[in-house]
Amino acid sequence: MAADAPSSELGVGRPTKRRPGSAVGGLPVADSRPVLDGDAVLGLRCTVCRYPVAQTGIPWCPSCYGPLEPARFDTGGTAFSSTVARIPVGTRKAPFALAYLDLDDGPRVLVHLAEPEVVPLGARLRITGMDEGDLLAEVAS
Amino acid sequence: MIQAMLWGVGTSDYGLQPERRVEALAWTAVGEAVADAGIAVDEIDAIIVGSVFGPPGVATRVQRGIGLPGVPMWTIENACASGTSAYHEAVQTVRGGRYRCVLVLGVDQMSTLFSGAIVPEATDPEGAASLPLPGVYAMGAQRYVQEFGVTPEQLAAVAVKNKRNGLDNPRAQLRKAAPTIDEVLSSRMIADPLTFLQCCPTSDGAGALIVGGDRGNPDDLRIEASVSVSGALWDHRSKEVWGYACVARAAEQAYAEAGRTPAEMDVLEVHDAFTIGEIMTLEALGLAPLGKGAELAPSGHTARDGAQPVNPSGGLLSRGHPLGGTGPAQIAEIAWQLRGRAGARQITRHRVGMVETMGGAAAGMDGNACVVTILSTS
């Protein structure tokens, strides 16, 4: 654990209702983040309305209630918005950039950006890898 | 349907109070609300509590100090809208005749949990990816900057207005001095484009409300509308920023229920956890078209002496934001304003008031819940 992790300040040593996760000194929890598998983001797609979702284990399409099947989503897409966090969060040191990325024919996913900069709305981004379990994207050249 | 009325309101001070027992914050609020309603304690026939971080069992520990053995009691968690969600359920039970006099309590003590921003929920896909709550709103603000040309000065104007209002609120957390636009913008960046003074402070506090039927008391306020909605999918199809659709959904129902229009709202308390929150919310509430909400504070429209004062209490930006404790504080301010007893904060036209509270931010949903209520003098 990094020396600057704020675990010692969480509830001043008292257990809390919130599960902070192991990144800030709590117990580990199951990882719910989207997963990159080679050249695709894994998820589910509705067999009726084609609704895409980067989650697993859900019982039906949350949009039309149709049955779901496993799907692989292309890693390219456009930025819905982005920001640069200037505060440390979990194990992340400031500054770090985040964006909502609307994958082509896929879901909106939260990604970390390789460079700590805001990108224009609609900028072309591509997921290039994972970093500490987070999707990592770069501005497509 | 029985006409639900707001009989009484009470709050604790809001601010960093780690030395106080969380129950003590609640007892202060409950005591004031019961006195304000002018009821005997044992007239209360149900207790509904809104709290996010509790701790678990906080309602019963509060009950230990106020009596009311065996009355139905339950706790609601709807993120930042927990307190107003508890209020909404009280209104519904009174309307339906299930109870005649309900105590609503909203309480949270943040200072003993977090030393700064709320630690994101590790079980949430976006919380686990280190998206802090200021980041959620910053992404919305970034769209407003790039899509609508909203300026940093327009964002900052919301903080200046609300923090100035809060100077006259003896129960607000921030009361030292109101910052200038430049001071807001030169405070340290938290998540671009939101600076530190555009974020509500971590706070401790409790608010209590007494909701009952129409007892013919001219001090009681008529609850013209109370609407609670949960979130809906927020995904690649959503063109609006996070939160907008959830607030708009609740507002549309509230206006229909009350048979009123946005222009009829004399005073509003809305969820300004971050400056962009007030801007986006006022658009969703119909006070400005999409993309034009940022003009409301700089133009003076939402100033305390403007056409439609917004957050005359100082809002979350000044009062502080103890999640469950926020909603009842918003409703209390509207009650004081409508009754003409808001002291130095009193606005001139005060017949109809609105409260909006927005809870978030679970990944992939446009909100955890939003509550909108419309009250008027009876």
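Per chain, numbering begins at 1; letters A, B, ... match sequence-line order. Model, not experiment: these values are computed from the prediction.
Here the closest heavy-atom approach between residue A/V119 and residue B/Q146 is recorded as O-NE2, 3.2 Å. Nearest heavy-atom pair across B/P120 and A/V89 is CG-CG1, 3.6 Å. For A/S82 against B/M139, the heavy-atom pair with the smallest separation is CA-SD, 3.6 Å. The minimum heavy-atom distance linking A/H112 with B/A129 is given by the pair NE2-O, 2.7 Å. Closest approach of A/Y100 to B/L131, counting heavy atoms only: OH-CD2, 3.5 Å. When all heavy atoms of B/D124 and A/S32 are compared, the closest pair comes out as C-OG, 3.3 Å.
Side-chain N or O atoms of A/R108 include one that pairs as donor or acceptor with a backbone N or O of B/S238 at under 3.5 Å. Side-chain atoms of B/S130 never come within 3.5 Å of backbone atoms of A/R92 as a donor-acceptor pair (strictly under, hydrogens ignored). A distance-only check finds no donor-acceptor pair linking the side chain of B/Q142 to the backbone of A/S81 [under 3.5 Å].
The contact between A/V84 and chain B is made by backbone and side chain atoms together, counting heavy-atom distances below 4.5 Å. Heavy-atom distances place no part of A/E132 under 4.5 Å from chain B, backbone and side chain included. Interface remark: B/L233 contributes side-chain atoms only to the contact with chain A (heavy atom separation under 4.5 Å). A/P120 touches chain B through backbone and side chain together, each having a heavy atom under 4.5 Å away. With a 4.5 angstrom heavy-atom cutoff, A/P52 touches chain B via backbone and side-chain atoms both. Only the backbone of A/A99 comes within contact range of chain B, judged by heavy atoms closer than 4.5 Å. Residue contact with chain B, scored on non-hydrogen atoms closer than 4.5 Å, is absent for A/T78.
More than 12 non-hydrogen atoms from other residues, nucleotides or ligands lie less than 6.0 angstrom from CZ of B/F148. Atom CH2 of B/W74 has more than 12 heavy atoms from other residues, nucleotides or ligands within 6.0 Å.
Using a 4.5 Å cut-off on side-chain heavy atoms (C-beta onward), A/I87 and B/P132 make contact.
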- [ ] Show the numbers, then the answer: is there a side chain to side chain contact (heavy atoms under 4.5 Å, CB included) between B/E126 and A/L98?
- [x] CA-CA 10 Å; B/E126 295 181 355; A/L98 295 159; over 6 Å; no
Task: A/F80 vs B/W234, ring pair (Phe, Tyr, Trp, His ring centres under 6.0 Å): CA-CA, chis, key distance, verdict - done: CA-CA 12 Å; A/F80 175 79; B/W234 186 76; 5.6 Å; yes
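With respect to chain B, the highest number of heavy-atom pairs below 4.5 Å among A/S63, A/P28, A/A54, A/A94 belongs to A/S63. Each of A/D102, A/D134, A/L121 has some count of heavy-atom pairs under 4.5 Å with chain B, and the biggest count is that of A/L121.
Relative ring orientation between B/H236 and A/Y51 is described as tilted, the plane-to-plane angle lying within the 30° to 60° band.
Here the CG atom belonging to B/L194 is positioned 7.0 Å from the OG1 atom belonging to A/T83, to the nearest 0.5 angstrom. Here A/R86 contributes atom CZ and B/T195 contributes atom OG1; the two are 12.0 Å apart, rounded to the nearest 0.5 Å.
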